[in-house]
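Reviewing the structure listed below.
All values below were derived from every heavy atom in this structure, side-chain atoms included, with hydrogens, water molecules and symmetry-related copies excluded. Just so you know, these numbers come straight off a predicted model, no measurement behind them.
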Amino acid sequence: MTISDATKLSPAGAVSVRPLIWIGAITTGTVVTNLFAPQILVGLIGNSLGMTALQAGLISTLTLLGYALGLLLLVPLVDLVENKRLILRTLGCAIVAAIGTALAPTPWILLTATFILGASCAAIQMVVPLVASMVPPERRGQAIGDVMSGLMIGILLSRPLASLIADAWSWRGYYVTSAVLMTVLAGALARALPTLQPAAHVGYGALLRSFPKLLREEPVLRVRAWTAALVMASFTAFWAAVALRLPDAPFHLDARGIALFALIGVAGAVATPLAGRWGDRGYARPMLIGSHLLIIGALALCAWAAVLESRVAALLVLSAGTILLDLGITTDQTLGRRAVNLLRPEARGRINGLFVALFFIGGTVGAAAASAAWSFGGWTMVCVVAGAFGVLGLITDIATKTGSS
């Protein structure tokens, strides 16, 4: 089956991929936890291996750096190598790297393993476009939304789950658990994934050199990657700082309470399948505008919550703001994915790699902005900065209709 064949499936064929959509959602949600779990496990790992502060800080950094390189160097192979084989081999590398991380006896072996694990997590961005290519264009938003719901749930659950597993066993137990789950999912994917030959007939070097050309020639990719980067910056800024604010008045949450609070954000993941469906029905533009208005309003609520005197009221308002924030962010992300996956079938690997890499940069900017804002003006300034990213997204919506149909 070629990519062009896949995009011309009949409605009956589209229904038959429902199990694949579910497996794709579970796979992306499981694999993505490896990218964010180190942020909560870094202290335990550092103490266990006697790491210096610099070495401990590299755990999360190298994991995310590996992922960024995987997006740019591995995901484009989707346009060159048979997709099922590529996904299974990449996921196999992730399993080996997770086991290597769990068994690492020295800091440098651990850092090497986490870097490889991060790079191998790029399998996520191979699964999403493959599933999308299995349904007709008019239902692609729905399929992407369903798979993205698993991804967003995995991102939001990664920190609390890693914390709970580490408390029950150890930080090594988390990576063993991850390896076991990915092994089970690899078996499921081996049975469910179709064989999909790429349409491109160029060399690997030519694929990589085509990145700038794709950005120049595809305004939809530029605009939707831009707003996706902005909302990812809001997301990262909020979650990077909220754990610093929750222990203080009026919230007074301990470590377990903070972990439970993180579960609230999962409610926002319900927006992903709904956003995809409504995008398919022609409502992408008003939903994009609404998503950025939600982000702005949500962060205003979060700022207000911190000045309330009642602990219960403060937690309720902050929880409402958190849910609305994640609703806005997941809506933009899902509609952006839908838009770029309707572009060139022969370049879907490169387009998805670029899209994710660019909004990944937005997340990095958001984390840095949150750190600076916290130092300058505390929680209120963090909310202002995170909200400003939403304002930029709204301005983009008003200024252009690109990728909003």
Do [X] side-chain atoms and [Y] backbone N/O form a donor-acceptor pair below 3.5 Å?
X      : Y      : result
Arg172 : Ala102 : yes
Thr63  : Gly118 : no
Ser170 : Ala166 : no
Arg350 : Pro76  : no
Thr236 : Ala233 : no
Glu218 : Leu221 : no
Ser371 : Ala368 : no

- Message: Suppose the criterion is ring pair (Phe, Tyr, Trp, His ring centres under 6.0 Å): which pairs have a residue in residues 315-344, not counting sequence neighbours?
- Response: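 Qualifying pairs: none.
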Do [X] and [Y] have side-chain heavy atoms sitting under 4.5 Å apart?
X      : Y      : answer
Val242 : Trp239 : yes
Met232 : Phe389 : no
Leu111 : Met51  : yes
Gln125 : Phe355 : no
Ile155 : Phe235 : yes
Leu151 : Ile124 : yes
Leu318 : Arg245 : no
Leu77  : Tyr204 : yes

Between side-chain atoms of residues 246-255 and protein atoms elsewhere (two or more places apart, or another chain), which donor-acceptor pairs fall under 3.5 Å?
{"from": "Asp254", "atom 1": "OD1", "to": "Arg256", "atom 2": "N", "distance (Å)": "3.3"}
{"from": "Asp254", "atom 1": "OD1", "to": "Gly257", "atom 2": "N", "distance (Å)": "2.7"}

- Can you measure from CD1 (Ile116) to CG (Leu62) and round to the nearest 0.5 angstrom?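 If we round to the nearest 0.5 Å, Ile116:CD1 and Leu62:CG are 11.0 Å apart.
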- Query: What residue among Ile295, Ile296, Leu294, Leu299 forms side-chain contact (heavy atoms from CB on, under 4.5 Å) with Leu324?
  - Reply: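 Answer to the side-chain contact (heavy atoms from CB on, under 4.5 Å) test with Leu324 among Ile295, Ile296, Leu294, Leu299: Leu294.
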- Message: Test: side-chain hydrogen bond (donor to acceptor under 3.5 Å, both in side chains). Region: residues 286-313. Which pairs qualify, not counting sequence neighbours?
- Response: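 As it turns out, the side-chain hydrogen bond (donor to acceptor under 3.5 Å, both in side chains) pairs with a partner in residues 286-313, which skip direct neighbours, are His292-Asp332, His292-Asp397.
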- Query: Who pairs with Phe238 by ring pair (Phe, Tyr, Trp, His ring centres under 6.0 Å), at least two apart in sequence or on another chain?
  - Reply: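 Result, ring pair (Phe, Tyr, Trp, His ring centres under 6.0 Å) vs Phe238: Trp379.
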Please table the atom pairs, donor to acceptor, closer than 3.5 Å between any side-chain atom in residues 174-184 and protein atoms at least two apart or in another chain.
{"from": "Tyr174", "atom 1": "OH", "to": "Thr33", "atom 2": "O", "distance (Å)": "3.2"}
{"from": "Tyr174", "atom 1": "OH", "to": "Thr33", "atom 2": "OG1", "distance (Å)": "3.1"}
{"from": "Tyr174", "atom 1": "OH", "to": "Asn34", "atom 2": "N", "distance (Å)": "3.3"}
{"from": "Tyr174", "atom 1": "OH", "to": "Asn34", "atom 2": "OD1", "distance (Å)": "3.4"}
{"from": "Thr177", "atom 1": "OG1", "to": "Gly173", "atom 2": "O", "distance (Å)": "2.7"}
{"from": "Ser178", "atom 1": "OG", "to": "Asn34", "atom 2": "OD1", "distance (Å)": "2.8"}
{"from": "Ser178", "atom 1": "OG", "to": "Asn34", "atom 2": "ND2", "distance (Å)": "3.2"}
{"from": "Thr183", "atom 1": "OG1", "to": "Ala179", "atom 2": "O", "distance (Å)": "2.7"}

Give every donor-acceptor pair under 3.5 Å between a side-chain atom in residues 86-93 and any protein atom, sequence neighbours left out.
{"from": "Thr90", "atom 1": "OG1", "to": "Leu86", "atom 2": "O", "distance (Å)": "2.7"}

